[in-house]
Amino acid sequence: MISFDFTDPFILTFLLLLVCMLIAMIRVLLGPTTPDRVVGLDTINTLVIAAMIIYGAAFDEVIYIDVAIVYALLSFITTLFIAKYLEGGKL
Amino acid sequence: MIEELLDYIGMFFVLIGSLFFLFGTIGLVRMPDLYNRMQASTKTTTLGVLSFLVGIGLMELSWLIKLLIIAFFVVLTAPIGASALARASYKHGIKLWKKSVVDKYKEGKND
């Protein structure tokens with residue numbers, strides 16, 4: 001059972017990042033066009049990278065850093081593919 | 001002594017980075033059209049990630065190399081992705097905001 005210490009600055013920063021993700025999720029839910037939602041998801045991707053690293057620092061687990069490297073590359077490729085799809089080219 | 005000092009400097013950088021994240025997401029919700037939203041969110045989160053990772057690297061010195069690799073990837077790839085997305089959505093037919101005064105992409109096409 002993991003216990004959270006809410007006076008730890010790492011945990012407080014992690015909670016702030018979760019609030020940021022919720023605010024960005026508003027744009028994903030009500031963005032009028034598809035590219036608006038994609039921009040929201042791109043922001044959430046960057047926030048997830050930062051949140052993974054702060055979580056790894058809070059509990060002293062190095063594995064989250066490696067996961068964050070792979071996540072950064074995959075989110076970049078996803079954004080490029082969606083842009084290509086919106087432009088109307090062949091994938 | 002020096003480790004405590006590095007801890008405090010790192011916390012300062014992490015604070016700056018998370019404030020950038022907060023302002024970027026607020027701009028993402030409040031801005032009027034797609035291109036304004038895109039520049040608000042992309043610029044602030046790129047700078048925020050850089051400051052954030054340097055701050056954590058100063059706190060946990062043995063992770064600094066890996067964190068700098070991630071910072072390099074994000075700083076290199078976020079502007080590329082955003083510019084590809086902006087070009088694609090312009091070709092997709094997303095209009096500019098009605099108060100926007102200049103459209104360089106259209107001007108360049110007429111030449």
Side-chain angles (χ1 to χ4, degrees), chain A residues 9-10 12-17 19-28 30-40 42-47 49-54 56-58 60 62 64-66 68-73 75-89, chain B residues 7 10-11 14-15 17-19 21-31 33-35 37-42 44-46 48-49 52-53 55-57 59-60 62-63 65-67 69-74 76-78 80-95:
Chain A
F10 288 128
L12 287 178
T13 317
F14 184 69
L15 290 179
L16 179 67
L17 288 182
V19 172
C20 288
M21 281 182 218
L22 283 181
I23 297 173
M25 192 60 86
I26 296 174
R27 179 49 69 199
V28 175
L30 53 84
T33 59
T34 315
D36 282 304
R37 296 171 210 264
V38 180
V39 171
D42 208 27
T43 310
I44 290 180
N45 277 333
T46 315
L47 290 174
I49 295 169
M52 267 184 203
I53 291 165
I54 199 87
D60 226 358
V62 191
Y64 286 98
I65 309 292
D66 304 330
I69 293 176
V70 179
Y71 194 92
L73 282 177
S75 69
F76 170 61
I77 294 171
T78 311
T79 308
L80 277 192
F81 265 99
I82 294 176
K84 191 80 180 167
Y85 165 72
L86 285 175
E87 207 173 318
Chain B
D7 264 7
M11 272 178 207
V14 169
L15 182 67
S18 15
L19 282 181
F21 285 144
L22 189 60
F23 295 149
T25 44
I26 290 174
L28 179 68
V29 174
R30 297 272 304 161
M31 283 287 178
D33 78 336
L34 171 71
Y35 304 101
R37 277 171 209 149
M38 191 177 285
Q39 70 103 5
S41 72
T42 307
T44 49
T45 51
T46 307
V49 153
F52 198 88
L53 296 183
I56 293 179
M59 282 195 263
E60 312 257 353
S62 56
W63 295 5
I65 305 287
K66 279 183 182 176
L67 291 176
I69 291 174
I70 299 179
F72 179 72
F73 276 144
V74 172
L76 195 67
T77 58
I80 298 174
S83 91
L85 196 58
R87 205 172 62 110
S89 51
Y90 194 95
K91 286 186 179 173
H92 188 64
I94 309 288
K95 292 281 183 289

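Computation of the quantities below employed the complete heavy-atom set of this structure, encompassing side-chain atoms and omitting hydrogens, waters and symmetry-equivalent molecules. Within every chain, numbering begins at 1; the chains are lettered A, B, ... in the order of the sequence lines, protein sequences first and strands thereafter.
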With only heavy atoms counted, which part of [X] is less than 4.5 Å from chain A, the side chain, the backbone, both or neither?
X	answer
B/Ile56	side chain
B/Leu53	side chain
B/Val29	both
B/Phe21	both

Among the listed options [options], the residue most often paired with chain B at heavy-atom distances under 4.5 Å:
options	result
A/Thr79, A/Leu80, A/Ile65	A/Ile65
A/Val19, A/Ile77, A/Leu73, A/Ile49	A/Leu73
A/Asn45, A/Ile44, A/Ile26, A/Val62	A/Val62
A/Asp36, A/Thr46, A/Leu16	A/Asp36

Any chance you could measure [X], atom [atom1], to [Y], atom [atom2], to the nearest 0.5 Å?
X	Y	atom1	atom2	result
A/Thr33	B/His92	OG1	NE2	7.0 Å
A/Arg37	B/Leu34	CZ	CG	12.0 Å
B/Phe73	A/Ser75	CZ	OG	11.0 Å
A/Asp42	B/Thr42	CG	OG1	6.0 Å
B/Ser18	A/Leu12	OG	CG	10.5 Å

[X] portion near chain B, given a 4.5 angstrom heavy-atom threshold:
X	result
A/Pro9	side chain
A/Ile23	both
A/Phe10	side chain
A/Leu47	side chain

### Message
Does any part of the side chain of A/Phe76, heavy atoms only, come nearer than 4.5 Å to the side chain of B/Val74, both counted from C-beta?
### Response
no

### Residue pair B/Ser41 / A/Val39, side-chain heavy-atom distance below 4.5 Å
yes

#### Entry: Whether over 12 other heavy atoms sit under 6.0 Å from A/Met21 CE
yes

If I compare all heavy atoms of [X] with all of [Y], which pair ends up nearest, and what's the gap?
X	Y	result
B/Ala88	A/Ala83	CB-O, 3.1 Å
A/Arg27	B/Met31	NH2-O, 4.3 Å
A/Ala57	B/Glu60	O-OE2, 3.8 Å

### Task
Dump the intermediate steps for side-chain contact (heavy atoms from CB on, under 4.5 Å) on A/Thr13 and B/Leu15, then the final yes or no.
CA-CA 8 Å; A/Thr13 317; B/Leu15 182 67; over 6 Å; no

